[in-house]
Amino acid sequence: MSEDKLMMDRRAFVLSAGLMGASLLAGCGAESEQAAPEPEEKDEHAVADEGEPQTNDVQEENSDSSASKTLVIYYSRADENYADGGVEVLEVGHTKVMAGYIAEALGADQYEIVPAEAYPFSYDKCCDQASDELKKDARPALAGDMPDVSGYDTVFLGCPIWWGSEPMVVRTFLDAVDLSGKTVVPFTTHGGSGLGSVPANLQNRIPGATVVDGKAVAGTAVDGARDEVVDWVTSLDLA
Ligand SMILES: Cc1cc2nc3c(=O)[nH]c(=O)nc-3n(C[C@H](O)[C@H](O)[C@H](O)COP(=O)(O)O)c2cc1C
């Protein structure tokens with residue numbers, strides 16, 4: 001995506017917010033179909049653990065070693081985000097909630113992609129950093145060990161949509177961990193862009209994987225989407 005396009009989308013997003021009022025939702029994204037208000041200034045010192053990455057060992061749930069093993073990998077950001085009608089501060093990111101539904105439904109293991117340096121608490125600052133990283137095709141460093149994926153046949157790969165695409169930390173992960181030969185199932189949470197360019201990007205970046213149809217849930221709807229997500233997961237033919 002060109003720099004001009006990013007700036008144009010950013011302006012369109014802010015303009016729409018002004019015109020359409022506080023009831024609309026969106027990210028700061030290139031392919032967002034809706035708009036959101038500008039957030040009020042927040043005290044960024046309010047976040048005690050900013051910059052302190054969480055641990056990210058694989059959380060093991062699979063007990064039947066003969067079963068086809070599934071790993072749910074995700075990146076998710078808590079902190080300040082848009083919600084219906086304004087700004088909300090998330091204690092748990094939307095995509096992490098969705099990852100939990102999937103893992104619970106399948107008895108799957110989970111692995112969280114954790115940046116070495118946390119993204120800004122402020123939504124606006126995070127948007128700016130994400131835009132900059134996308135323009136530079138950056139590869140932000142990750143915290144912790146990468147997972148051993150050799151024992152998994154199917155990998156669910158989830159992230160929020162940032163500027164219409166996956167956050168660059170997901171690309172860092174894909175550069176580091178080879179998912180060739182696996183069935184990869186994308187999932188996203190978003191503010192209007194759905195799956196964005198994530199499925200196509202995953203297939204391009206992992207040509208040896210089979211990327212199947214994914215699932216997108218609006219971030220603000222994720223708390224009520226458990227049944228919808230479980231129905232989707234159980235409808236997939238992942239043999
Ligand atoms: C930096 C940034 C960029 C975003 N860009 C988009 C976008 O392009 N399209 C969209 O629909 N939502 C966008 N959003 C909204 C997020 O995709 C949405 O709130 C998501 O549910 C957040 O998930 P998380 O809490 O797991 O990080 C953006 C949010 C952030 C913080």
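Order of listing sets the numbers, starting from 1, for every ligand and every atom in it. It should be emphasised that the depicted structure is a prediction, and the values quoted were computed from it without experimental measurement.
- Side chains of T95 and T189: a donor on one and an acceptor on the other come within 3.5 Å.
- Residue contacts with ligand 1 for A130 involve side-chain atoms from C-beta outward but no N, CA, C or O (heavy atoms, distance under 4.0 Å).
- Residue contacts with ligand 1, taken as heavy atom pairs separated by less than 4.0 Å, involve L90 solely via side-chain atoms from C-beta onward.
- Annotation for A209 and L179: closest pair CB-O, 3.6 Å, computed over non-hydrogen atoms.
- When only modelled atom types and interatomic distance are considered, E88 and Y123 share no side-chain donor-acceptor pair under 3.5 Å.
- Between K182 and the choices T70, V149, T154, the side chain to side chain contact (heavy atoms under 4.5 Å, CB included) rule is met once, by V149.
- Side-chain contact between S76 and Y74 is present, with heavy atoms from C-beta onward closer than 4.5 Å.
- Of the heavy atoms in T95, both backbone and side-chain atoms come closer than 4.0 Å to ligand 1.
- Taking distance alone, with nitrogen or oxygen atoms compared against 3.5 Å, R77 approaches ligand 1 more closely than that limit.
- The only member of V212, T210, L202 that meets side chain to side chain contact (heavy atoms under 4.5 Å, CB included) when paired with V185 is V212.
- Taking each of T189, T220, D128 in turn, the one with a heavy atom nearest to atom 23 (O) of ligand 1 proves to be T189.
- Every atom of ligand 1 with a heavy atom of C126 under 4.0 Å away is listed here by number and element: 1 (C).
- Atoms of ligand 1 lying under 4.0 Å from at least one heavy atom of G164, given by number and element, are 7 (C), 8 (O).
- Counting only residues at least two apart or on different chains, the salt bridge (Lys or Arg N to Asp or Glu O under 4.0 Å) pairs with a member in residues 189-208 are E166-R205.
- Here atom 28 (C) of ligand 1 lies nearest to I161 when heavy atoms of I161, N81, L134, V92 are compared.
- No N or O atom of G93 sits closer than 3.5 Å to an N or O atom of ligand 1.
- Applying the ring pair (Phe, Tyr, Trp, His ring centres under 6.0 Å) test to residues at least two apart or on different chains, none of the pairs has a partner in residues 192-226.
- Residue W163 has at least one heavy-atom neighbour below 4.0 Å for each of these atoms of ligand 1: 3 (C), 4 (C), 5 (N), 6 (C), 7 (C), 8 (O).
- In the vicinity of P160, heavy-atom distances shorter than 4.0 Å reach the ligand 1 atoms 17 (O), 20 (C), 22 (C), 23 (O), 24 (P), 27 (O).
- Ring-centre distance between Y101 and W232: not below the 6.0 Å cut-off.
- At least one N/O-N/O distance between S76 and ligand 1 falls below 3.5 Å.
- Taking only nitrogen or oxygen atoms, main chain and side chain alike, G194 does not reach within less than 3.5 Å of ligand 1.
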